[in-house]
Amino acid sequence: MAAGAHLAPRVRLVADEVWALLDGEIEVDLQDGRVDSPTGGARMHLHLFEPTLVLVPFGVQSEVSSPTARSWLVRMATHTDTEDRAALPPT
């Protein structure tokens, strides 16, 4: 991510994501929107500045930015964004 870059808020509907910060610094905001979760409604702000892993469960809104320097962030999931949405039952 370039310095000053920002990824808009997003929610994985089916699959968890694992983020690996390889280098740089990021700010992460998480909000648990899962109704049946013990942490439902909880918000968390993370300032990460050294190599680390973050698990972002499905149903948790995530927003990430790289405020001051270029960062290397790898996002991994078992489903692509398209597959994630397609795996939901029809409404």
*Dump the intermediate steps for side chain to side chain contact (heavy atoms under 4.5 Å, CB included) on E17 and R10, then the final yes or no.*
CA-CA 11 Å; E17 275 191 346; R10 55 181 280 126; 3.3 Å; yes

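- Linking ILVMFWY residues whenever their side-chain heavy atoms come closer than 4.5 Å, directly or via other members, leaves L46 and L53 in distinct clusters.
- Residues V28 and E63 fail the side-chain proximity criterion, which asks for heavy atoms closer than 4.5 Å.
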Apply side-chain hydrogen bond (donor to acceptor under 3.5 Å, both in side chains) to residues E25 and S66 and explain how you reach the verdict.
CA-CA 6 Å; E25 166 183 4; S66 181; over 6 Å; no

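- No continuous path of hydrophobic side-chain contacts links V60 to L13 [ILVMFWY only; heavy atoms under 4.5 Å].
- In the hydrophobic clustering of ILVMFWY residues, with side-chain heavy atoms under 4.5 Å counting as a link, M76 and L55 come out together.
- In the displayed structure, R75 atom CZ is contacted under 6.0 Å by more than 12 heavy atoms of other residues, nucleotides or ligands.
- Here the straight-line distance linking atom OG1 of T68 with atom CZ of F49 works out to 11.5 Å at 0.5 Å rounding.
- Put simply, the side chain of L73 reaches to within 4.5 Å of the side chain of W19, judged on heavy atoms.
- Across all non-hydrogen atoms, the minimal contact from P67 to I26 is CD-CA, 4.2 Å.
- Side-chain atoms of S71 and D23, non-hydrogen and from C-beta on, never get closer than 4.5 Å to each other.
- In this structure, OG in S62 is found 13.0 Å from CE in M44, a value given to the nearest 0.5 Å.
- Hydrophobic clustering of Ile, Leu, Val, Met, Phe, Trp and Tyr side chains at less than 4.5 Å, counting indirect connections, unites L22 with V18.
- Note: S65 OG to L7 CG = 8.5 Å, rounded to the nearest 0.5 Å.
- Formation of a donor-acceptor pair under 3.5 Å by the D16 side chain with backbone atoms of F58 is found in this model.
- In this structure, CG in L30 is found 11.0 Å from CZ in R43, a value given to the nearest 0.5 Å.
- Using a distance-only test at 3.5 Å, with no hydrogens or angles considered, no donor-acceptor pair links the side chain of R12 to the main chain of V56.
- Expressed to the nearest 0.5 Å, how far CD of E27 lies from NE2 of H45 amounts to 3.5 Å.
- Taking CE of M1 as the reference point, atom CH2 of W72 lies at 12.0 Å (rounded to 0.5 Å).
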